[in-house]
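Presented below is the structure to which this report refers.
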Protein chains: 2
Amino acid sequence: MTITIKDVAKKANVAPSTVSRVISNNPRISEKTKRKVRKVMDELNYHPNLNARSLANRSTKSIGLVLPPALDTSFHNPFFAEVIRGVTAYSNQKDYSLYFITGNNEDEVEQTVIKTIRGRRVDGIILLYSKENDKIIDYLNENNFPFVLVGKPYHSIDDITYIDNDNYAAARDVTNYLIEHGHRQIAFVGGESSLLVTQNRLRGFQDSMQLNGLSVNEEEIIFTSFTRDGGRKAVNQLLELKELPTAIVVTDDVLALGIISVLSEHNISVPKNISIISFNNAIFAELANPPLTSVDINIYQLGNEAAKNIITKIEEPDGTEKSIIVPYKIVVRGTCVKNERLTLVSS
Amino acid sequence: MTITIKDVAKKANVAPSTVSRVISNNPRISEKTKRKVRKVMDELNYHPNLNARSLANRSTKSIGLVLPPALDTSFHNPFFAEVIRGVTAYSNQKDYSLYFITGNNEDEVEQTVIKTIRGRRVDGIILLYSKENDKIIDYLNENNFPFVLVGKPYHSIDDITYIDNDNYAAARDVTNYLIEHGHRQIAFVGGESSLLVTQNRLRGFQDSMQLNGLSVNEEEIIFTSFTRDGGRKAVNQLLELKELPTAIVVTDDVLALGIISVLSEHNISVPKNISIISFNNAIFAELANPPLTSVDINIYQLGNEAAKNIITKIEEPDGTEKSIIVPYKIVVRGTCVKNERLTLVSS
DNA sequence: GTGAAAGCGCTAACAG
DNA sequence: CTGTTAGCGCTTTCAC
């Protein structure tokens, strides 16, 4: 029923091996027979069986995309859709397919990764998130399996190729920006504290504050989840402070959204009563009310570079692919203004 | 280097076929040898080569997820992340993997679908969107390839299994809801008009209006894109009306977000000056400012049922899988209030 | 430049 | 209950 390489060979009066060579565009085949064979392939509407091919040549032309566990609130983050866009653009062009790897919890994800790799379903892996003590990264490293990380590695930073922004610098910039706008009491709200991106942005924030002679209390640093309850938790904690900060550095637009909404329940208006600056410039940052002042981290490019990196790594195993830092920039919109409140905090 | 079924067989003193049977948990193998073989598999850390297996038994245990072209603004819609969550939950449990199929434009998507299917990389397809004159759906239909559609088919509705909400009824409900709240002049804003979901919701809106003796001008029906510019375009068109509507039915939360934000640029506040009710109850509907009154269409369940459907279809080709209508409900939040404006429109 | 034949790692009759 | 034997559809030496 299914038409195979043999059918093509027979009809074109050549050997199967010749057809195979035509498929892979082997230069040792004459243009004449190439044309002849291609014509027959068209007539028969032939499409190669990719499993057979993968089995024979030990290559799948597929790459595995590892996402955080589907039950995590972060799974919904538009960040992933946008990285995947970037990945797709490049991988499609290079004729690579994407395998989607996730699970309901961390263990399931890990098991799926192992099964997929050992099952020889993919030639390489793109890890779409980075967190502390991640077993997957260790597995990949130990087994010398080609992979690239989107984000900063928790350890072995010199042995792992990664694509990331300079989140530390970005967070410093952002904090400096607030300080330049007259803010002195600034809080920090981040996502899960085990996420590397949270940690890096926190350090940038802290260093900027310190270098500017500003103090940060422990209660002004908050970790929470990407839900309304998460936003509520953060806001409640802020409300308990003797004085409300005049500005907040928020590590993610989704988080900012929730905080703004909950604040307005309390009749605290952004940016009039409090300024917010967040990260990622997700697609809806411009759709928010008010539109978010946010750090554009070039998510698309992050994905695109990751794809480029893993594919060349696969195709040139001896090549020495380097990690890449993607630039960022602050996009000023409507959540951030000069501090009008008189502040008694002195350096 | 790679350890195969033969290695396991040798070490366990059985034939390769026996090992194969143990893997597939064939009941005709004694518990004793099963244990023995499994022990050896563990010791050798054996994992089957899935390509070889797929080649031999003509089944991949993979399903293809077809997404809209990555360049479409709709690609970012959190809808997809949530359906995929639903799909994942079920497919993981059933030990199916997911292949990610998309492209930069419609043709690319179609080519990728064909290559993937003919290349025997997947056993079935879940189509994650439904639009007019979709070639992919025709291809799938003509080739009798197992697939299920999330959304309503454009044609051949009796030959295609689909998972959808009753979007027509939902839109009627929503419009009735606004009318019951005193609104008389109501506008409609939808996404791309070629999307079936847009069409179905529009019909529901129109019928409700008509049945309530309310008229709708052509200019009060607007199609636009999921961006701020899209929102701006819609708002501008509304501002040109002799009188601003007191309420809007919006087919998607993302759209609603943009409209609310642009309206507030014009000092038109939601819900004070205009009520909005939208669809999907996306993850950030509750995070918006104000939180969106939205129709919860149970996206997760949509995905879950789709997975269930396609997998049983694959495993029982003679079974008669039926289409499924997933329930919806209006979630009242903060974008919708009673019409306070005096209206002269009479029925 | 092209063909013959072996083999990738697994499953599926068929036999016993 | 288990082993033997042919493939699945392709690629890849090795000849010529």
Side-chain angles (χ1 to χ4, degrees), chain A residues 1-38 40-41 44-62 95 115-123, chain B residues 1-38 40-41 44-62 95 97 115-123 315:
Chain A
M1 199 52 267
T2 49
I3 100 112
T4 77
I5 214 171
K6 281 189 189 165
D7 303 317
V8 177
K10 204 167 294 171
K11 182 150 184 209
N13 281 314
V14 294
S17 49
T18 302
V19 177
S20 171
R21 290 186 182 107
V22 173
I23 293 173
S24 56
N25 201 19
N26 188 315
R28 299 193 318 191
I29 300 288
S30 72
E31 277 308 317
K32 185 151 162 275
T33 56
K34 273 188 186 170
R35 269 198 301 280
K36 184 174 65 178
V37 171
R38 291 211 178 99
V40 174
M41 294 193 340
L44 261 39
N45 189 17
Y46 168 77
H47 284 258
N49 181 318
L50 302 174
N51 297 310
R53 179 198 278 244
S54 294
L55 181 59
N57 71 5
R58 292 137 182 297
S59 123
T60 62
K61 284 260 195 179
S62 300
D95 218 36
K115 221 173 47 192
T116 309
I117 291 180
R118 300 290 311 267
R120 295 208 160 357
R121 278 246 159 104
V122 296
D123 299 336
Chain B
M1 198 56 266
T2 48
I3 101 113
T4 77
I5 213 171
K6 280 188 188 164
D7 303 319
V8 177
K10 202 166 295 171
K11 182 149 183 209
N13 282 314
V14 295
S17 50
T18 302
V19 178
S20 171
R21 289 184 185 109
V22 172
I23 294 173
S24 55
N25 201 17
N26 187 315
R28 298 194 319 192
I29 300 287
S30 73
E31 276 309 315
K32 185 150 160 276
T33 57
K34 272 189 187 171
R35 269 197 301 279
K36 184 175 63 179
V37 171
R38 291 211 178 100
V40 175
M41 294 194 338
L44 262 38
N45 191 18
Y46 168 76
H47 284 259
N49 181 318
L50 301 174
N51 297 309
R53 178 199 279 248
S54 294
L55 182 59
N57 72 6
R58 293 137 182 297
S59 121
T60 62
K61 283 261 194 178
S62 299
D95 218 35
S97 314
K115 221 173 47 191
T116 309
I117 291 180
R118 300 288 311 266
R120 293 208 164 346
R121 277 244 162 104
V122 297
D123 298 337
E315 298 187 341

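Letters A, B, ... are given to chains in the order of the sequence lines, protein chains preceding strands, and every chain is numbered from 1.
Within 4.0 Å (heavy atoms only), B:Val19 reaches no atom of the nucleic acid at all. Using a 4.0 Å heavy-atom distance criterion, A:Ser24 is classed as making no nucleic acid contact. Within 4.0 Å of A:Asn26, counting heavy atoms only, lies no atom of the nucleic acid at all. Residue contacts shown for A:Ser20 include a base, since a base heavy atom lies under 4.0 Å away. Residue B:Asp7 is classed as having no contact, given no heavy-atom separation below 4.0 Å to the nucleic acid. As judged by a 4.0 angstrom heavy-atom cut-off over every strand, B:Arg28 is placed among the base-contacting residues.
Minimum interatomic distance between B:Ile5 and B:Tyr46 (heavy atoms only, all atoms of both residues): N-CE1, 3.7 Å.
Neither OP1 nor OP2 of C:dC8 sits under 4.0 Å from any side-chain N or O of A:Arg120. OP1 and OP2 of D:dT5 both lie 4.0 Å or more from every side-chain N or O belonging to B:Ser17. Residue A:Thr33 places at least one side-chain N or O under 4.0 Å from the OP1 or OP2 atom of C:dT2. Listed pair B:Thr2 / C:dG9 meets the phosphate criterion, a side-chain N or O lying under 4.0 Å from OP1 or OP2.
A distance-only check finds no donor-acceptor pair linking the side chain of A:Asp123 to the backbone of A:Ser59 [under 3.5 Å]. Judged purely by atom type and a 3.5 angstrom limit, A:Ser54 uses its side chain to pair as donor or acceptor with the backbone of A:Leu50.
Comparing D:dT11, C:dT11, C:dG3 against the side chain of B:Arg53 picks out C:dT11 as the nearest.
Both A:Pro48 and B:Ser30 lie near DNA chain D, and the one whose nearest nucleotide falls closer to the 5' end is B:Ser30.
A donor and an acceptor atom, one from each side chain of B:Asn25 and B:Lys34, are located under 3.5 Å apart.
Looking at B:Arg21, its side chain comes within 3.5 Å of the base of D:dG3 through a donor and an acceptor atom.
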